[in-house]
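Start at 1 and go down the list; that is how both ligands and their atoms are numbered.
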Amino acid sequence: MAPVPATAAAAAPAAVVSTHEIRRAQRADGPATVLAIGTANPETCVPQDEYADFYFRVTKSEHLPELKNKLRRICNKSGIEKRFMFVNDDVMEAHPEFADRHLTSLDARVEIVSKVVPELAAAASAKAIAEWGRPATDITHLIFSTYSGVKAPGGDRLLASLLGLRPTVSRTVLSLHGCYGGGRALQLAKELAENNRGARVLVACAESTLIAFYGPEVGCNDTIIGQALFGDGSGAVIVGADPVGAVERPLFEMAFASQATVPDSEGAITMQHKKGGMDYHIGGGVPEMLAGSIERCLADAFGAIGVAARWRDLFWAVHPGGRRILDLIEEALGLDNGAMAASRQVLREYGNMSGTTVIFVLNELRRRFVADGAEGADWGALMAFGPGVTVETILLRVGSGLKGN
Ligand SMILES: CC(C)(COP(=O)(O)OP(=O)(O)OC[C@H]1O[C@@H](n2cnc3c(N)ncnc32)[C@H](O)[C@@H]1OP(=O)(O)O)[C@@H](O)C(=O)NCCC(=O)NCCSC(=O)/C=C/c1ccc(O)cc1
């Protein structure tokens, strides 16, 4: 069809513009930036040194003392002091079938998590929105990441309604990314923010171990290791480009993001919903596998943007999948023992909350930067890992909202 001359009709566009120009006008000018962070946890807190007693009591497994001792040994070496969770005595009394993974319980689990997980995400998101300082109706996109979401319409819809987001908010659910869900969601938020001028993306990650909580079994060490490490929590981040001067405070600029799959690692970490709850496997060699891959991921990412980085000069937001993962990554990169202090603190206070954890780490880093004025800090790396084995890398720069506080 020939273009309509501008004078032909009052409703015609004033000038013919190409789709390239339309596209360019839709893009943001600056990089995606973290503008606010919020976190939340369920009420029940279990000290790590009481966890073995709690777990063997509520699952009625006291007849397996060797496994209880093994759980105690792992808890002692975990670097964790306490964890928060939805599972408590009341839940287990109401659902004794949760203790036995061979009984059918998925429906009951999904019924509970499809309510409590979005509610927890709403609590974290409300904190992020309050800190952000703009109305919830200014959120244009919502990314909800959880491995508890196996229902439609899903937790994203409930979350949007609990927060009073506008009906035209663009919703996406990410599921079963496990421990790299937070990294994946932030990376997607970066793409959305940079490609949609004025977009404000709410990333909400929320996980509950209730979907995967069952009693111990002789010969299944995965259950014991999971019981030693995992906790429940939610983290929310607001991401947008071109911050509005007087209102929005740039915390971290997202300069580059990438994903890599570790070769020959398919079976190392697995998750699958089954009739008795979510089944999972955590291979013994995961810390070594990650330590062997991490430097390549970082070098490729910094290489792609032409920045010569020295690992010792960076700040770190690394997913604390387990204490040994942090130890081996520090060693592989030749870092000081304090380099992962924010990750270790989150591990100590909350355990491994799967995809949510890296948002807690980012929040802890922010707290540390505010406390010391972000002196000397410039570039950093956020890294998250999970099934695949997948490594998410996001290169960060300290934002102006954190400098000179
Ligand atoms: C703190 C650990 C667990 C133990 O510390 P350590 O310094 O290695 O100590 P040890 O070498 O003495 O090991 C203590 C015990 O733990 C056992 N162990 C050591 N890793 C293992 C192992 N992957 N398997 C099963 N036994 C082990 C090890 O065999 C040993 O057993 P035992 O000799 O009987 O005392 C440490 O190994 C560690 O940090 N491991 C990293 C764990 C890890 O790979 N995490 C990343 C994956 S997280 C993930 O996939 C999440 C999935 C998920 C799924 C469901 C959810 O609800 C939520 C999330």
Side-chain angles (χ1 to χ4, degrees), residues 48 51-52 55 64-81 83-87 98 101 109 113 117 145-149 175-183 205-214 216-233 262 265-274 276-291 293-294 318-331 340 343-344 347-348 350-358 383-391:
Q48 189 77 335
Y51 191 79
Y55 174 63
L64 298 169
E66 281 178 21
L67 286 182
K68 186 170 176 180
N69 284 335
K70 187 178 176 84
L71 177 58
R72 275 213 187 93
R73 279 198 300 280
I74 301 177
C75 283
N76 285 339
K77 292 183 166 181
S78 65
I80 298 170
E81 286 177 6
R83 287 176 282 161
F84 296 83
M85 49 197 65
F86 282 111
V87 173
F98 288 0
R101 66 194 296 197
R109 291 174 194 267
V113 295
V117 168
S145 176
T146 182
Y147 57 65
S148 296
S175 190
L176 280 175
H177 290 283
C179 295
Y180 73 95
C205 297
E207 305 294 8
S208 171
T209 51
L210 196 149
I211 198 84
F213 184 95
Y214 33 74
E217 238 179 315
V218 176
C220 185
N221 288 333
D222 292 318
T223 305
I224 295 296
I225 196 98
Q227 288 303 323
L229 302 182
F230 303 139
D232 299 1
V262 177
S265 65
E266 198 174 343
I269 304 175
T270 61
M271 303 162 82
Q272 187 179 345
H273 287 100
K274 295 198 172 166
M278 193 180 77
D279 209 33
Y280 57 89
H281 165 65
I282 303 161
V286 168
E288 288 75 8
M289 194 177 273
L290 292 170
S293 314
I294 207 113
V318 173
H319 169 60
R323 197 216 70 241
R324 188 167 159 76
I325 292 177
L326 298 178
D327 292 349
L328 293 195
I329 289 177
E330 270 179 4
E331 200 180 300
M340 309 261 162
S343 300
R344 288 187 194 277
L347 183 66
R348 198 161 48 240
Y350 303 96
N352 174 353
M353 298 166 289
S354 205
T356 288
T357 326
V358 82
M383 307 202 74
F385 338 100
V389 166
T390 306
V391 180

J.: Just distances here: any N/O of Ser78 and N/O of ligand 1 closer than 3.5 Å?
T.: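 No: no nitrogen or oxygen of Ser78 is under 3.5 Å from one in ligand 1.
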
J.: Treating Arg109 as the side-chain partner and Phe98 as the backbone partner, does any N or O pair qualify as donor plus acceptor under 3.5 Å?
T.: yes

J.: Working note: Arg323 + Leu347, criterion side chain to side chain contact (heavy atoms under 4.5 Å, CB included); need CA distance, chi angles, decisive distance, verdict.
T.: CA-CA 8 Å; Arg323 197 216 70 241; Leu347 183 66; 4.2 Å; yes

J.: Backbone N or O of Gly182 within a donor-acceptor pair of the Ser145 side chain at under 3.5 Å?
T.: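 No, Ser145 side chain to Gly182 backbone: no donor-acceptor pair under 3.5 Å.
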
J.: Hey, does Tyr55 have a side-chain heavy atom less than 4.5 Å from the side chain of Thr223?
T.: yes

J.: Distance to 0.1 Å, residue and atom name: give those for the protein heavy atom nearest to atom 56 (C) of ligand 1.
T.: Tyr147 OH, 3.3 Å

J.: Looking at atom 46 (C) of ligand 1, what's its closest protein heavy atom, distance included?
T.: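 Ranking protein heavy atoms by distance from atom 46 (C) of ligand 1, first comes Ile325 CD1, 3.5 Å.
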
J.: Which residue supplies the protein heavy atom nearest to atom 19 (C) of ligand 1, what is that atom called, and how far is it?
T.: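 Looking only at protein heavy atoms, the one closest to atom 19 (C) of ligand 1 is Ile225 CD1, 3.8 Å.
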
J.: Would you please indicate yes or no on a ring centroid separation below 6.0 angstrom for Tyr147 and Tyr280?
T.: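 Aromatic pair excluded; centres sit 6.0 Å or further apart.
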
J.: May I have the step-by-step check of side chain to side chain contact (heavy atoms under 4.5 Å, CB included) for Gln227 and Tyr51, ending in yes or no?
T.: CA-CA 9 Å; Gln227 288 303 323; Tyr51 191 79; 2.4 Å; yes

J.: Is there a donor-acceptor pair closer than 3.5 Å between any side-chain N or O of Ser343 and the backbone N or O of Val318?
T.: yes

J.: Indicate whether atom 9 (O) of ligand 1 is within a distance of less than 4.0 angstrom of some protein heavy atom.
T.: yes

J.: Would the distance check show the side chain of Arg101 and the main-chain N or O of Gly277 forming a donor-acceptor pair, the cut-off being under 3.5 Å?
T.: no

J.: Between Arg348 and Glu81, does the side chain to side chain contact (heavy atoms under 4.5 Å, CB included) criterion hold? Intermediate values first, please.
T.: CA-CA 5 Å; Arg348 198 161 48 240; Glu81 286 177 6; 3.3 Å; yes

J.: Could you list which atoms of ligand 1 come closer than 4.0 Å to a heavy atom of Asn352?
T.: 48 (S)

J.: Would you say atom 28 (C) of ligand 1 touches the protein, meaning some protein heavy atom is under 4.0 Å from it?
T.: no

J.: Could you list the atoms of ligand 1 found under 4.0 angstrom from a heavy atom of Gly283?
T.: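 Those atoms are 23 (N).
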
J.: Considering only protein heavy atoms, which is closest to atom 25 (C) of ligand 1, and at what distance to one decimal place?
T.: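 Heavy-atom neighbour on the protein nearest atom 25 (C) of ligand 1: Asn221 CB, 3.6 Å.
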
J.: Return yes if some donor-acceptor pair links the side-chain N/O of Ser175 with the main-chain N/O of Thr146 below 3.5 Å, else return no.
T.: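 Side chain of Ser175 to backbone of Thr146: a pair is present.
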
J.: Which ligand 1 atoms does Gly284 reach within 4.0 Å, using its non-hydrogen atoms?
T.: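 That gives atoms 23 (N) of ligand 1.
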
J.: Considering only the protein, which heavy-atom contact is closest to atom 2 (C) of ligand 1, and what is its distance?
T.: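 Protein heavy atom with the smallest distance to atom 2 (C) of ligand 1: Ile74 CG2, 4.6 Å.
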
J.: To check you understand the geometry: which heavy-atom pair defines the closest contact between Val218 and Leu67, and what is its length?
T.: N-CD1, 3.8 Å

J.: Indicate whether atom 13 (O) of ligand 1 is within a distance of less than 4.0 angstrom of some protein heavy atom.
T.: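 Within 4.0 Å of atom 13 (O) of ligand 1, no protein heavy atoms are found.
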
J.: Can you list the steps and then say if Val391 with His319 is a side chain to side chain contact (heavy atoms under 4.5 Å, CB included)?
T.: CA-CA 10 Å; Val391 180; His319 169 60; over 6 Å; no

J.: Would a distance-only check, ignoring hydrogens and angles, find a side-chain to backbone donor-acceptor pair under 3.5 Å from Asp222 to Ile282?
T.: yes

J.: Under 4.0 Å from ligand 1, counting heavy atoms only, is it the side chain of Leu229, its backbone, both or neither?
T.: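 Looking at Leu229 and ligand 1, just side chain atoms fall under 4.0 Å.
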
J.: What are the atoms of ligand 1, with element, lying closer than 4.0 Å to any heavy atom of Gly321?
T.: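 Every atom of ligand 1 under 4.0 Å from some heavy atom of Gly321: 45 (N), 46 (C).
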
J.: Which of the atoms of ligand 1 are close to Tyr280, meaning less than 4.0 Å from one of its heavy atoms?
T.: 54 (C), 55 (C)

J.: Between Asn352 (side chain only) and Leu229 (backbone N and O only), is there a donor and an acceptor less than 3.5 Å apart?
T.: no

J.: How far is atom 50 (O) of ligand 1 from the closest protein heavy atom, and which atom is that?
T.: Ile269 CG2, 3.1 Å

J.: Is it the side chain (CB and beyond), the backbone, both or neither of Ile224 that lies under 4.0 Å from ligand 1, heavy atoms counted?
T.: neither

J.: Short N/O distance, under 3.5 Å, between Ile282 and ligand 1?
T.: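 By distance alone, the answer is yes.
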
J.: Give the residue and atom name of whichever protein heavy atom lies nearest to atom 52 (C) of ligand 1, and the separation in Å to one decimal.
T.: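 Answer, as residue, atom name and distance: Phe230 CZ, 3.5 Å.
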
J.: Given Arg73, His281, Arg324, Lys70, which one has a non-hydrogen atom that is nearest to atom 36 (C) of ligand 1?
T.: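 Of the listed residues, Arg324 has the closest heavy atom.
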
J.: Could you tell me, atom by atom, which parts of ligand 1 come under 4.0 Å of a heavy atom of Thr209?
T.: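 So the atoms of ligand 1 that pass are 57 (O).
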
J.: Using a 6.0 Å cut-off, check whether atom CD of Glu288 has over 12 heavy atoms from anything other than its own residue.
T.: yes

J.: Got a donor-acceptor contact below 3.5 angstrom from the Glu207 side chain to the Gly231 backbone?
T.: no

J.: When you measure from atom 1 (C) of ligand 1 to every protein heavy atom, which one gives the shortest distance, and what is it?
T.: Lys77 O, 3.6 Å

J.: Return yes or no for this condition: an N or O of Arg323 is under 3.5 Å from an N or O of ligand 1.
T.: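 So ligand 1 has an N or O lying under 3.5 Å from an N or O of Arg323.
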
J.: Backbone or side chain, does any N or O of Ala212 fall under 3.5 Å from an N or O of ligand 1?
T.: no

J.: Mind checking whether Glu207 contacts ligand 1 via backbone (N, CA, C, O), side chain (CB onward), both or neither, at a 4.0 Å heavy-atom cut-off?
T.: neither

J.: Which of the numbered atoms in ligand 1 are under 4.0 angstrom from any heavy atom belonging to Cys179?
T.: 48 (S), 49 (C), 51 (C)

J.: Considering the heavy atoms of Val286, write down every atom of ligand 1 situated less than 4.0 Å from one of them.
T.: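 Ligand 1 atoms under the 4.0 Å threshold to Val286: 44 (O).
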
